[in-house]
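For reference, the structure is listed below as structure tokens.
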Amino acid sequence: MKILLGLVLMCVSQLIAADEHVVFEGEPITVSVSDASERQLVFPKGSVIVTGVTLSQKRSFKTLSSVDNRVFVQLVNSENSEDVGISESLRVLFKDKLSGQNFVVYFQKADEDQVLDKVVNIHLPKKNAESISQAQTQSNTSKVNSYPFLTKYVFQQVYSPTRLVKTHPNIQRVGVEEHPVKDLFGCYEGNLACVSIESKPLVSFRTDKLYASAIRVRNTSSEPIELDTRMIQRNSKELLAATLMHHRLLPVSQKDKAETVMVLIHKRPLREFFYEYQGGIQ
């Protein structure tokens, strides 16, 4: 009797834990949904799924939202809502915005006595999955080499609390010499930046193609200074982008308000890059 009970419990637990698996081979797939519980559609790993649904279609769902490669689906309860449920089937297009792969799903309302697995895993044929993986890798590489992404990444490393700082597998931290940089800015139209600005490297990172570095910039004078990245004395072939967190630096007496951080995107390591300036690193 105990053995029989154990086998029954084992079978029940396996049924509860079971997930539905579907291979998408270009033809629409059918997924049953209900208003009693939420289902998850799990698309191939690494996907970032967006949903193509009209306003009238959206009224049929209590939940239809995507988070990375997961989509959460639940019908509205048509008895308690002015919105309509699904009378037959509803065609919805999902797209992986990284690879461009489209998935067509027909949603149909489950029978009242139908038991639904919580998760529906949607797979691609092996050959397609390998192509998607390659496309995602190329997309990630392209992203980390974009100037906006790198600039944001470095600012987060400098300003975010330690517990919130996230590293990226394709971005490597490299050492810098934290010595002042001479003559980083030139003087134009009476601006005092060339004689009153103290610049010091803080941190530097590299990808497979670029370097991104944070420079602390400090006003050492008793007058406010307006900074402009066009005032940087540089070799334009080496310096690709420069972004200041703040453009106006208050007098040195204002302490923290007299300094800011600037992110540089450049082609060579920071020390080599600074040799392009007249004074280099002291």
Side-chain angles (χ1 to χ4, degrees), residues 8-140 142-143 146 148-149 152 166:
V8 171
L9 290 174
M10 184 182 297
C11 291
V12 170
S13 65
Q14 288 177 346
L15 287 172
I16 293 174
D19 292 341
E20 184 177 342
H21 292 265
V22 180
V23 177
F24 179 77
E25 298 184 283
E27 296 296 325
I29 59 176
T30 300
V31 175
S32 297
V33 288
S34 74
D35 57 15
S37 61
E38 187 176 76
R39 298 197 83 184
Q40 296 181 33
L41 307 186
V42 180
F43 291 86
K45 185 178 180 181
S47 303
V48 178
I49 299 297
V50 292
T51 305
V53 62
T54 65
L55 184 60
S56 60
Q57 288 177 326
K58 194 171 184 179
R59 294 175 56 213
S60 299
F61 297 95
K62 179 180 179 180
T63 304
L64 184 61
S65 57
S66 59
V67 180
D68 296 330
N69 69 322
R70 290 178 180 264
V71 175
F72 300 85
V73 185
Q74 184 175 354
L75 294 180
V76 298
N77 187 329
S78 56
E79 296 180 359
N80 301 323
S81 172
E82 296 179 358
D83 295 321
V84 295
I86 298 177
S87 55
E88 296 181 356
S89 63
L90 196 61
R91 180 181 184 273
V92 177
L93 176 68
F94 298 97
K95 182 173 184 176
D96 175 10
K97 69 179 184 180
L98 295 183
S99 67
Q101 173 70 48
N102 291 313
F103 300 86
V104 181
V105 178
Y106 279 98
F107 289 108
Q108 65 180 18
K109 187 172 182 179
D111 297 332
E112 292 185 3
D113 58 349
Q114 186 175 353
V115 178
L116 299 176
D117 298 319
K118 183 177 181 180
V119 177
V120 180
N121 292 284
I122 300 175
H123 306 279
L124 288 169
K126 185 177 180 180
K127 185 176 180 180
N128 290 24
E130 290 174 352
S131 299
I132 294 296
S133 178
Q134 292 174 358
Q136 289 170 349
T137 300
Q138 292 173 356
S139 176
N140 289 335
S142 175
K143 180 175 70 173
S146 72
F149 181 88
K152 181 180 178 182
K166 295 183 179 180

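Residues passing the side-chain contact (heavy atoms from CB on, under 4.5 Å) test with Pro28 are Val104, Tyr106, sequence neighbours excluded. For Asn102, the side-chain contact (heavy atoms from CB on, under 4.5 Å) partners two or more places apart in sequence, or in a different chain, are Leu93, Lys95. For Phe72, the ring-ring contact (aromatic ring centres under 6.0 Å, His included) test picks out no residue, with sequence neighbours left out. Remark: Phe103 pairs with Phe24, Phe43 by the ring-ring contact (aromatic ring centres under 6.0 Å, His included) rule, at least two apart or across chains. Checked against side chain to side chain donor-acceptor pair (under 3.5 Å), Arg70 has the following partners two or more places apart in sequence or in another chain: Gln40. Residues that satisfy the side-chain contact (heavy atoms from CB on, under 4.5 Å) test with Lys62, not counting sequence neighbours, are Gln74, Val76.
Once rounded to the nearest 0.5 Å, the distance linking CZ of Phe61 with CG of Asp35 reads 12.0 Å. From Leu90, atom CG reaches atom NZ of Lys58 across 13.5 Å, with rounding to the nearest 0.5 Å. Here the straight-line distance linking atom CD1 of Ile49 with atom CD1 of Ile122 works out to 8.0 Å at 0.5 Å rounding. In this structure, the separation between CG on Leu64 and CG on Leu75 is 10.0 Å, given to the nearest 0.5 Å. Phe94 CZ to Ser66 OG: the interatomic distance, rounded to the nearest 0.5 Å, is 8.5 Å.
Contact between Glu25 and Pro125 at its shortest, heavy atoms only, is CG-CG, 3.8 Å. Across all their heavy atoms, Gln57 and Gly52 have their closest contact at OE1-O, 4.4 Å.
A donor-acceptor contact shorter than 3.5 Å is absent between the side chain of Asn69 and the backbone of Val48. With Thr51 contributing its side chain and Val53 its backbone, the two residues share no donor-acceptor pair below 3.5 Å. Counting only distance, with no hydrogens or angles, the side chain of Glu20 and the backbone of Leu116 share no donor-acceptor pair below 3.5 Å.
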